[in-house]
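Each chain gets a letter, A, B and so on, in the order its sequence line appears, and its residues count up from 1.
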Amino acid sequence: MATNQKNKIISSSNFIRAKIEKDISNNLYKNKLWNKIPGNGVHQSNGSLDEAKIRTRFPPEPNGYLHIGHAKSIFLNFGLAKDFSGACHLRFDDTNPEKENQEYVDSIIENVKWLGFNWNFKKEENLYYASNYFDHMYEAAVLLIKSGFAYVDQQNADEIRENRGTLTTPGKDSPWRDHSIEDHLKWFTEMREGKHADGSMVLRAKINMASPNINLRDPAIYRIKKSHHHRTGDAWCIYPMYTFAHPIEDALEGITHSICTLEFEDQRPFYDWLLRRLKENGFFSDPLPKQYEFARLNLTYVVLSKRRLIELVEKKHVSGWDDPRMPTIVGAKRRGYTPSGFKLFTDRIGVSKADSWIDYTILEDCMREVLNESAHRRVAVLDPLKLIINNFSENHEEDCFAPNHPKNKDLGKRTIKLTKELWIDREDFMEEPVAKYFRLSPGAQVRLRYGYVIKCTDFEKDANGKIIKIFCDYLPDTKSGTPGADAIKVKGNIHWLSCKYAVTAKVNLYDRLFKETHPGDNNNYIDDLNPNSLTTKEIKIEENLSKILPGDQYQFERHGYFIADNLSKPDDIVINRTTTLRDSWQ
RNA sequence: UGGGGAGUCGCCAAGCUGGUUAAGGCACAUGGUUUUGAUCCAUGCAUGCGAAGGUUCGAAUCCUUCCUCCCCAGCCA
């Protein structure tokens with residue numbers, strides 16, 4: 001494992017990485033040919049040696065928005081290609097027209113780019129669509145029928161299910177299984193010509209109805225679906241199944257390592273079977289792609305299934321796909337999560353085949369870690385309480401200097417106006433301080449950050465007993481940055497804002513969307529929604545933030561990381577809290 | 001109960017063609033620095049590798065049996 005000076009993981013070893021290193025050192029792809037674009041064996045044989053050492057792919061189905069789980073796969077696939085001088089293709093697996101559309105394609109492209117990747121290798125632009133391969137797939141299917149490895153089944157769905165057998169009992173051969181190759185060829189042609197109704201026929205691979213692996217009991221590979229495809233329109237009325245399409249897509253694109261999640265493990269035998277048959281037919285040639293499976297990401301307090309995410313949006317439990325509480329990439333972006341934070345996260349959690357649950361706080365910590373380095377500091381008061389400095393004159397105005405970053409002086413500093421009336425955060429004052437509370441309380445001294453040390457002389461309550469005003473004396477000669485500043489030591493250090501200069505803004509304070517560690521484990525997951533996942537309120541921010549733009553990110557000192565919302569405008573500032581700072585107090 | 005996977009520190013995760021004291025990260029603990037109770041730095045943190053047997057001079061690594069968890073019976077991906 002490589003580490004840098006700060007001992008952070010740069011890239012951890014995992015079984016896929018190890019396999020690739022081994023494959024490369026065994027010269028598996030030394031003679032691999034590539035003819036500029038995807039194509040069958042004949043096409044590739046006219047090409048030249050593939051300059052990409054390996055080829056991986058990220059193959060989303062455009063039927064939803066990308067989420068944090070996809071980020072793991074994206075960093076894995078694109079990261080591997082980058083590390084091994086290879087190419088990673090972005091491929092839309094659009095073989096089911098009923099669920100897919102262009103909106104999703106667009107958002108996926110944008111998300112992958114946002115995470116910092118592109119699909120270019122040298123002069124190639126490796127952006128592909130499974131739907132572009134429909135002709136090849138049809139040809140492959142015909143080849144399979146001709147060699148006796150596929151047949152048109154005219155049983156209906158129920159009959160097929162019935163005859164598939166169960167986990168413990170073998171299936172039964174379809175009565176259509178042993179008709180002549182000519183018949184099957186004719187029927188398949190008719191299927192393609194639209195002569196048969198949806199569901200009336202299906203093309204199946206002919207393997208073994210008694211296989212202990214159910215996926216090998218003559219899986220369906222082509223179905224009739226008279227629906228409009230978002231890219232091919234009405235050109236086709238039959239569409240290939242994932243099982244059949246995916247290996248072909250990989251092979252056409254010269255993929256070397258086809259990385260997917262664990263649930264596809266059982267399908268690897270079919271993946272290999274299909275490609276071998278097609279190689280025997282001369283449709284493909286070595287080296288054939290190989291499939292590898294890793295454990296998908298599970299995050300506590302988070303739901304990542306597409307079905308559930310869609311439901312959250314459609315039933316308006318959130319404001320949309322980009323609601324900052326959503327685990328989607330667009331949601332995370334709007335929340336202020338960053339690509340480098342995701343990179344750190346994926347490096348930190350690793351890749352293996354063990355089912356595991358990653359605690360949500362790991363993700364948050366990664367964002368904190370990254371933002372701590374980069375975010376400029378500003379001051380905000382989230383729960384304003386007025387503080388009066390007795391011994392300042394009414395018109396007192398004084399510049400205080402605050403560095404933009406405590407560790408990086410190159411980032412400069414800014415001025416903040418100190419006046420007689422200030423806003424401080426309510427939690428920074430206690431009428432009767434608990435043990436080890438070293439903020440303000442009657443008689444106590446604290447430092448106004450970047451300003452003077454003050455001493456609390458009095459406070460005022462309203463009729464309901466709520467504290468509404470704090471009175472303090474400032475101690476001359478204690479101003480930050482002046483020679484005598486440290487003469488008086490104080491433990492407390494609180495932030496503040498001038499009432500005269502502070503700007504008002506709206507803030508969205510987010511908490512986890514679900515209140516249960518594993519939403520849906522004991523209830524319907526909707527019942528596990530956290531009713532307090534969003535708190536909206538008005539806050540005070542420093543004058544230097546008056547022109548904050550959507551996407552601008554800052555650390556509000558002693559509070560956390562914040563980002564200006566997409567909809568924020570200078571005269572109507574809206575800020576989202578990305579995450580709080582770690583807080584070991586209480 | 002068929003097939004395919006997985007079980008190493010609170011959470012991840014290397015190691016698993018047997019051979020020095022079982023990597024590393026996160027978390028946690030204790031010190032130190034600090035004008036963010038943040039950050040940062042230092043130190044500590046598995047006689048143990050799901051369990052029990054066995055092979056061996058030597059086992060997380062090999063063998064046997066057992067236990068637990070996940071996935072598969074869509075004309076979804």
Heavy atoms only, 4.0 Å cut-off, all strands: where does [X] land among base, sugar-phosphate and nothing?
{"X": "A/Phe438", "result": "base"}
{"X": "A/Lys306", "result": "nothing"}
{"X": "A/Ile160", "result": "base"}
{"X": "A/Ala157", "result": "base"}
{"X": "A/Leu167", "result": "base"}
{"X": "A/Asp365", "result": "sugar-phosphate"}
{"X": "A/Gly171", "result": "nothing"}
{"X": "A/Arg161", "result": "sugar-phosphate"}
{"X": "A/Tyr437", "result": "base"}
{"X": "A/Asn372", "result": "sugar-phosphate"}

Evaluate the side-chain proximity of [Y] to [X]: yes if any heavy-atom separation is below 4.5 Å, no if none is.
{"X": "A/Phe294", "Y": "A/Asn14", "answer": "no"}
{"X": "A/Pro60", "Y": "A/Phe92", "answer": "yes"}
{"X": "A/Ile214", "Y": "A/Leu167", "answer": "yes"}
{"X": "A/Ile207", "Y": "A/Phe270", "answer": "yes"}

Closest approach to the side chain of [X], judged atom by atom: which nucleotide of [options] is it?
{"X": "A/Arg377", "options": "B/rA77, B/rG37, B/rU36", "result": "B/rU36"}
{"X": "A/Lys407", "options": "B/rU39, B/rG7, B/rG74", "result": "B/rU39"}
{"X": "A/Ala354", "options": "B/rA13, B/rU36, B/rC12", "result": "B/rA13"}
{"X": "A/Asp93", "options": "B/rA77, B/rC75, B/rA14", "result": "B/rA77"}
{"X": "A/Glu61", "options": "B/rA77, B/rU36, B/rG5", "result": "B/rA77"}
{"X": "A/Ile214", "options": "B/rC76, B/rC72, B/rC12", "result": "B/rC72"}
{"X": "A/Asn96", "options": "B/rC71, B/rU36, B/rA77", "result": "B/rA77"}
{"X": "A/Pro212", "options": "B/rG2, B/rG37, B/rA77", "result": "B/rG2"}

In whole angstrom, give the distance that lies between atom [atom1] of [X] and atom [atom2] of [N].
{"X": "A/Leu581", "N": "B/rU36", "atom1": "CG", "atom2": "C1'", "value": "7 Å"}
{"X": "A/Tyr104", "N": "B/rA77", "atom1": "OH", "atom2": "C1'", "value": "15 Å"}
{"X": "A/Leu262", "N": "B/rC71", "atom1": "CG", "atom2": "C1'", "value": "7 Å"}
{"X": "A/Glu542", "N": "B/rU36", "atom1": "CD", "atom2": "C1'", "value": "14 Å"}

Subject >> A/Arg308 to A/Tyr525 six-membered ring, cation-pi geometry met (6.0 Å, 45°) >> reply: yes

Parallel, tilted or perpendicular: which one describes the rings of [X] and [Y], with boundaries at 30° and 60°?
{"X": "A/Tyr437", "Y": "A/Trp585", "value": "tilted"}
{"X": "A/Phe264", "Y": "A/Tyr242", "value": "tilted"}
{"X": "A/Phe149", "Y": "A/Trp273", "value": "perpendicular"}

Can you tell me if [X] touches the phosphate of [N], counting only side-chain N or O atoms and a distance under 4.0 Å to OP1 or OP2?
{"X": "A/Thr95", "N": "B/rA77", "result": "yes"}
{"X": "A/Arg223", "N": "B/rC76", "result": "yes"}
{"X": "A/Ser13", "N": "B/rA14", "result": "no"}
{"X": "A/Arg164", "N": "B/rG74", "result": "yes"}

Mark yes or no for a side-chain to base donor-acceptor pair under 3.5 Å between [X] and [N], with no hydrogen or angle criteria applied.
{"X": "A/Arg368", "N": "B/rU39", "result": "no"}
{"X": "A/Arg268", "N": "B/rG4", "result": "no"}
{"X": "A/Asn213", "N": "B/rG4", "result": "no"}
{"X": "A/Gln555", "N": "B/rU36", "result": "yes"}

Applying a 3.5 Å limit to both distances, which nucleotide forms a Watson-Crick or G-U wobble pair with [N]?
{"N": "B/rU61", "value": "none"}
{"N": "B/rA29", "value": "B/rU43"}
{"N": "B/rG7", "value": "B/rC67"}
{"N": "B/rU55", "value": "none"}
{"N": "B/rA23", "value": "none"}

Original post:
Looking just at side-chain N and O atoms, do A/Glu253 and A/Tyr133 make a donor-acceptor pair shorter than 3.5 Å?
Top reply: yes

Original post:
Relative to the 5' end of RNA chain B, which residue comes earlier, A/Ser584 or A/Phe264, by the nucleotide with the nearest heavy atom?
Top reply: A/Ser584

Subject >> Toward the 5' end of RNA chain B, by each residue's nearest nucleotide, A/Lys353 or A/Ser356 >> reply: A/Lys353

**OP:** Would you please name every residue forming a side chain to side chain contact (heavy atoms under 4.5 Å, CB included) with A/Asn544, sequence neighbours left out?
**Re:** A/Arg378, A/Arg414, A/Ile416, A/Glu542

Original post:
Is there aromatic stacking of A/Trp585 against B/rG37, centre distance under 5.5 Å, plane angle under 30°?
Top reply: yes

Original post:
Looking at A/Arg164, A/Arg204, A/Lys206, A/Arg177, which one forms a salt bridge (Lys or Arg N to Asp or Glu O under 4.0 Å) with A/Asp218?
Top reply: A/Arg177

Collect all protein-nucleotide pairs involving nucleotides 28-33 of chain B in which both atoms are nitrogen or oxygen and the distance is under 3.5 Å.
| unit_1 | atom_1 | unit_2 | atom_2 | d |
| --- | --- | --- | --- | --- |
| B/rC28 | OP2 | A/Arg582 | NH2 | 3.2 |

